[in-house]
Amino acid sequence: MSAASAVRASALVFAAAMLQAVIVSSLVLGGGAPDVLLVAVICLGLSRGAVPGAIFGFAGGLIVDLVTLDTLGITSLVLTLAGFWAGRYTETTGRGRRLAPLVAVGAITVLAGVFAFVLHYMLGDDVVARHALVTALAPAVVLNLLLALPVRALVRATVHEGDAAKPSREVEVVV
């Protein structure tokens, strides 16, 4: 990843984190809210791999935790794992598949919701399992799936994915 591409990706994560914390988190539709930052981190993980996905997830989660004054580290940990999972998916099986963004966003949204619930439960926060895992999670998955393709296109245009995500087909000649 070039320096200019990293700066553009960082700006995208910052904008998505601010948008999520200030506007999108208060848009409750059908009992759940979309998560623009989660979808952006997943798309960056799909584009750039596991380690950059984890780094951008941590940075975005830290921004959201600081802006919302929520328990520091929960969102960071969840988004770090989300970016890493997305990157591993594309590095192992998802590369070149047309539905990879939808599969990754759907599966990782569910995993992130369950993991966030478990973290809040372990910290002793009052969390109702039915609300967190059914009432809010089902609409969130649908809303995130609706955001997946437009955000993927925005990430590809902003970060200029180009040849960076394609495997190298260079042949080494051994003499």
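No experiment lies behind these values; they were computed from the predicted model shown. In what follows, every heavy atom counts, from backbone to side chain, and hydrogens, waters and symmetry copies are set aside.
Residues L46 and A86 come closest through the heavy atom pair CD2-O, 3.6 Å. A pairwise comparison of heavy atoms in A50 and E91 identifies N-OE2, 3.0 Å as the closest pair. When every heavy atom of V41 is checked against every heavy atom of G53, the shortest pair comes out as CG1-O, 3.9 Å. Closest approach of A21 and S25 over heavy atoms only: O-OG, 3.5 Å. Here the shortest heavy-atom pairing between A104 and I42 reads CB-CG2, 3.9 Å. P101 and A148 get closest at one heavy-atom pair: O-CB, 4.4 Å.
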Would you sort out whether V141 and V110 count as a side chain to side chain contact (heavy atoms under 4.5 Å, CB included), showing the intermediate values?
CA-CA 7 Å; V141 169; V110 171; 3.7 Å; yes
Determine, step by step, whether Y89 and V103 satisfy the side chain to side chain contact (heavy atoms under 4.5 Å, CB included) criterion, reporting the C-alpha distance in whole Å, the side-chain angles of both residues, the deciding distance to 0.1 Å, and the verdict.
CA-CA 10 Å; Y89 172 66; V103 170; 3.8 Å; yes
One pair to check against side chain to side chain contact (heavy atoms under 4.5 Å, CB included): L77 and L119. What are the steps and the verdict?
CA-CA 9 Å; L77 182 57; L119 283 176; 3.9 Å; yes
What verdict does the side chain to side chain contact (heavy atoms under 4.5 Å, CB included) test give for S47 and V155, after you've listed the backbone C-alpha separation in whole Å, the side-chain angles of each residue and the deciding distance to 0.1 Å?
CA-CA 8 Å; S47 296; V155 166; 3.8 Å; yes
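Environment of CZ in F14: sparse, with no more than 12 heavy atoms of neighbouring residues, nucleotides or ligands closer than 6.0 Å. Taking a 6.0 Å sphere around CZ of F58, one finds it holds 12 or fewer heavy atoms contributed by other residues, nucleotides or ligands.
Note on I55 and L66: separate hydrophobic clusters, where clusters join Ile, Leu, Val, Met, Phe, Trp and Tyr whose side-chain heavy atoms are under 4.5 Å apart, directly or indirectly. Residue L123 is grouped with residue V78 when hydrophobic side chains (ILVMFWY) are merged at heavy-atom distances under 4.5 angstrom, including chains of intermediate members. The hydrophobic cluster containing L143 does not contain I23, counting ILVMFWY residues as joined when their side-chain heavy atoms lie under 4.5 angstrom apart, directly or transitively. Linking Ile, Leu, Val, Met, Phe, Trp and Tyr whenever their side-chain heavy atoms come within less than 4.5 Å puts L37 and L111 in one cluster. In the hydrophobic clustering of ILVMFWY residues, with side-chain heavy atoms under 4.5 Å counting as a link, L62 and V67 come out apart.
Under a 3.5 Å cut-off, the side chain of T75 and the backbone N or O of G61 do not form any donor-acceptor pair. Distance alone, capped at 3.5 Å, is enough to place a donor-acceptor pair between the S2 side chain and the S5 backbone. At least one donor-acceptor pair closer than 3.5 Å links the side chain of D65 to the backbone N or O of G73. Remark: the backbone N or O of V64 is not paired with any side-chain donor or acceptor of Q20 at under 3.5 angstrom.
Here OG1 of T158 is found 4.0 Å from CG of L154. Values are rounded to the nearest 0.5 Å. One finds the CG atom of D126 at 11.5 Å from the NE2 atom of H120 (value rounded to the nearest 0.5 Å). How far CG of L79 is from CH2 of W85: 10.5 Å, rounded to the nearest 0.5 Å. Expressed to the nearest 0.5 Å, how far OG1 of T93 lies from CZ of R88 amounts to 9.5 Å. Here the OG1 atom belonging to T109 is positioned 4.5 Å from the CG atom belonging to L38, to the nearest 0.5 angstrom. To the nearest 0.5 Å, atoms CD1 (I74) and CZ (F115) are separated by 9.5 Å.
Residues D35 and V24 form no side-chain contact, since every pair of their non-hydrogen atoms from C-beta on lies 4.5 Å or further apart. A heavy-atom distance below 4.5 Å is not found between the side chains of N144 and I108.
Inspection of the R48 and T90 side chains reveals no N or O donor paired with an N or O acceptor under 3.5 Å.
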